[in-house]
*Asks:* 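Questions regarding the structure given below will be posed in turn.
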Amino acid sequence: MSYDCDLIRLSDEAKARGLFLYFTFLELQKEVVGDPLSEAIAKALSVISASASLEGLKEDPVVRAYRDFYWRLGIDPTKVRPSSEALARRALRGEFPRVSPLVDAGNVASLETLVPIGIYDLDLLRLPLVVRLSEAGERFMPIGGKEQPLPRGYPIMVDSSGTVVHIYAHRDSTLTSVRPSTRRALVVGTGAPKVPEDLVERAVRRVVELAKDIGWAPAGPLCEAKPDV
């Protein structure tokens with residue numbers, strides 16, 4: 001399969017709201033024994049504990065940018081938190097969810113940058129994908145939750161079969177999530193207005209860097225999503 005930068009597009013509405021994202025592709029080369037990410041996880045937990053607090057996290061400029069973006073959409077970010085903030089709050093309580101090596105790599109990168117990271121099984125997606133606003137009544141099957149209808153106007157990422165893969169910067173679908181059988185993956189970093197683009201790009205690069213330690217290799221370019229045409 002050819003991996004290229006046309007595989008994720010932004011609708012006009014999404015682009016007009018200042019959404020942007022970077023993405024790349026990984027393939028599993030070998031199974032790695034042990035826990036190569038333990039040091040990176042411990043360091044990320046130590047750094048955020050020393051630099052932030054539960055009370056002050058919302059004032060971090062990156063966290064604030066995602067929160068402000070939610071408020072402008074009419075979404076209360078104290079109830080529907082951007083995934084990076086939710087992860088950071090768990091970390092500040094001394095928790096780090098160990099899911100799978102690849103997902104853990106994404107979570108380390110997210111914790112280090114406070115950029116939401118999504119990782120998807122490429123063999124469960126129908127490419128290309130588009131980021132757009134939801135239509136009333138579209139359905140979403142979240143990881144760890146029940147199927148839910150979406151209101152009109154939520155930013156979502158959808159594959160070419162119509163599956164809602166992601167609610168922007170918040171939650172991923174169980175239908176396309178990474179699992180033990182995953183051998184090809186799509187890595188996405190989601191940006192919003194006032195979030196530095198180079199920070200989102202760096203977050204995706206960091207996932208690739210960490211993934212190499214657990215047997216994954218780059219399988220395509222690092223791309224910025226383009227407008228849908």
Side-chain angles (χ1 to χ4, degrees), residues 3-26 58 60-75 77 80-88 105-120 122 125 127-135 138 140 150 152-160 163-173 176 185-209 211 218-229:
Y3 302 109
D4 60 55
C5 293
D6 290 324
L7 293 178
I8 301 182
R9 294 280 185 166
L10 295 171
S11 72
D12 289 343
E13 287 182 314
K15 189 73 174 176
R17 282 163 173 77
L19 304 190
F20 66 93
L21 55 85
Y22 283 84
F23 63 97
T24 195
F25 309 89
L26 297 171
K58 64 180 180 295
D60 180 275
V62 176
V63 172
R64 173 55 59 192
Y66 287 107
R67 280 183 162 230
D68 288 348
F69 165 66
Y70 270 29
W71 283 122
R72 286 193 296 272
L73 289 171
I75 301 170
V80 180
R81 295 193 189 279
S83 62
S84 52
E85 181 187 348
L87 177 66
N107 282 339
V108 170
S110 183
L111 192 55
E112 291 175 347
T113 60
L114 296 176
V115 170
I117 295 288
I119 305 181
Y120 311 94
L122 271 168
L125 292 170
L127 301 172
L129 309 175
V130 63
V131 176
R132 59 169 173 81
L133 301 187
S134 62
E135 300 172 3
E138 286 191 273
F140 176 66
L150 297 176
R152 183 182 300 277
Y154 264 41
I156 57 175
M157 185 163 66
V158 183
D159 77 1
S160 61
T163 298
V164 179
V165 171
H166 171 70
I167 297 180
Y168 199 85
H170 170 56
R171 203 166 187 185
D172 293 324
S173 171
T176 52
L186 169 68
V187 180
V188 177
T190 51
K194 297 185 180 180
V195 177
E197 289 200 20
D198 63 338
L199 180 67
V200 178
E201 181 180 4
R202 177 155 51 90
V204 175
R205 290 189 186 279
R206 180 59 170 151
V207 178
V208 175
E209 179 181 289
L222 192 152
C223 307
E224 182 177 9
K226 300 176 181 178
D228 194 22
V229 292

*Asks:* If the condition is salt bridge (charged side-chain N to carboxylate O under 4.0 Å, His left out), which residues does R206 pass it with, not counting sequence neighbours?
*Replies:* E112, E209
*Asks:* Can you tell me how far apart CG (L129) and CG (L186) are? Round to the nearest 0.5 Å.
*Replies:* 6.5 Å
*Asks:* Is the shortest heavy-atom distance from the side chain of F69 to the side chain of P155 under 4.5 Å?
*Replies:* yes
*Asks:* Kindly give the heavy-atom pair with the smallest separation between I119 and A185, and that separation in Å.
*Replies:* CG2-CB, 4.1 Å
*Asks:* Measuring from R17:CZ to L10:CG, what's the distance to the nearest 0.5 Å?
*Replies:* 12.5 Å
*Asks:* Donor-acceptor pair, distance only, cut-off 3.5 Å: does the side chain of H166 make one with the backbone of V158?
*Replies:* no
*Asks:* Who pairs with D60 by side chain to side chain donor-acceptor pair (under 3.5 Å), at least two apart in sequence or on another chain?
*Replies:* none
*Asks:* Report the C-alpha separation of V187 and L26 in whole Å, then their side-chain angles, then the decisive distance to 0.1 Å, and conclude whether the side-chain contact (heavy atoms from CB on, under 4.5 Å) test is met.
*Replies:* CA-CA 8 Å; V187 180; L26 297 171; 3.6 Å; yes
*Asks:* Please give me the minimum heavy-atom distance between P218 and V208, naming the atom from each residue.
*Replies:* CG-CG1, 3.7 Å
*Asks:* Let me confirm one number: the CG-OG distance from L125 to S173, rounded to the nearest 0.5 Å.
*Replies:* 9.5 Å
*Asks:* Residues in side chain to side chain donor-acceptor pair (under 3.5 Å) with T163, at least two apart?
*Replies:* S161
*Asks:* I'd like to know whether L21 forms a side-chain contact (heavy atoms from CB on, under 4.5 Å) with V200, so could you lay out the CA-CA distance, the side-chain angles of the two residues, the decisive distance to 0.1 Å, and finally the verdict.
*Replies:* CA-CA 7 Å; L21 55 85; V200 178; 5.7 Å; no
*Asks:* Is there a side-chain contact between Y70 and V80, using heavy atoms and a 4.5 Å cut-off?
*Replies:* yes
*Asks:* Which is it for L122 and Y3 under the side-chain contact (heavy atoms from CB on, under 4.5 Å) test, yes or no, and what are the steps along the way?
*Replies:* CA-CA 11 Å; L122 271 168; Y3 302 109; 3.5 Å; yes
*Asks:* Mind checking the CZ-CG spacing from R205 to L222? Nearest 0.5 Å is all I need.
*Replies:* 5.0 Å
*Asks:* Are side-chain heavy atoms of S134 and V164 found at a separation under 4.5 Å?
*Replies:* no
*Asks:* Nearest heavy-atom pair of F20 and E224: which atoms, and what distance?
*Replies:* CB-OE2, 4.2 Å
*Asks:* For I117 versus A203, what's the shortest heavy-atom pair and its separation?
*Replies:* CD1-CB, 4.0 Å
*Asks:* Excluding sequence neighbours, so at least two apart, what forms salt bridge (charged side-chain N to carboxylate O under 4.0 Å, His left out) with E13?
*Replies:* none
*Asks:* Could you pull out all residues at least two apart from F23 that satisfy ring-ring contact (aromatic ring centres under 6.0 Å, His included)?
*Replies:* F25
*Asks:* Mind checking the OG-CD1 spacing from S83 to I167? Nearest 0.5 Å is all I need.
*Replies:* 11.5 Å
*Asks:* N107: what forms a side chain to side chain contact (heavy atoms under 4.5 Å, CB included) with it, not counting sequence neighbours?
*Replies:* L87, F96, P97, V103
*Asks:* Side chain to side chain contact (heavy atoms under 4.5 Å, CB included) with R67: which residues, sequence neighbours excluded?
*Replies:* K58, V63, R64, P77, T78, R81, E85, R89
*Asks:* Applying side chain to side chain donor-acceptor pair (under 3.5 Å), can you list everything that pairs with R202, at least two apart in sequence or on another chain?
*Replies:* none
*Asks:* Under 3.5 Å, side-chain donor or acceptor atoms of residues 188-197 against the rest of the protein: list the pairs with distances, not counting sequence neighbours.
*Replies:*
unit_1: T190; atom_1: OG1; unit_2: P116; atom_2: O; d: 3.4
unit_1: E197; atom_1: OE1; unit_2: Y22; atom_2: OH; d: 3.2

*Asks:* For D6, check side chain to side chain contact (heavy atoms under 4.5 Å, CB included) against everything at least two apart and list the hits.
*Replies:* D4, R9, K226
*Asks:* Would you check, one step at a time, whether the test side-chain contact (heavy atoms from CB on, under 4.5 Å) holds for Y154 with H170?
*Replies:* CA-CA 11 Å; Y154 264 41; H170 170 56; over 6 Å; no
*Asks:* Main chain of A109, side chain of T113: is a donor-acceptor contact present, judged purely on distance under 3.5 Å?
*Replies:* yes
*Asks:* Residues in side chain to side chain donor-acceptor pair (under 3.5 Å) with R132, at least two apart?
*Replies:* E138
*Asks:* Nearest 0.5 Å, what's the OH-OH distance between Y66 and Y168?
*Replies:* 7.0 Å
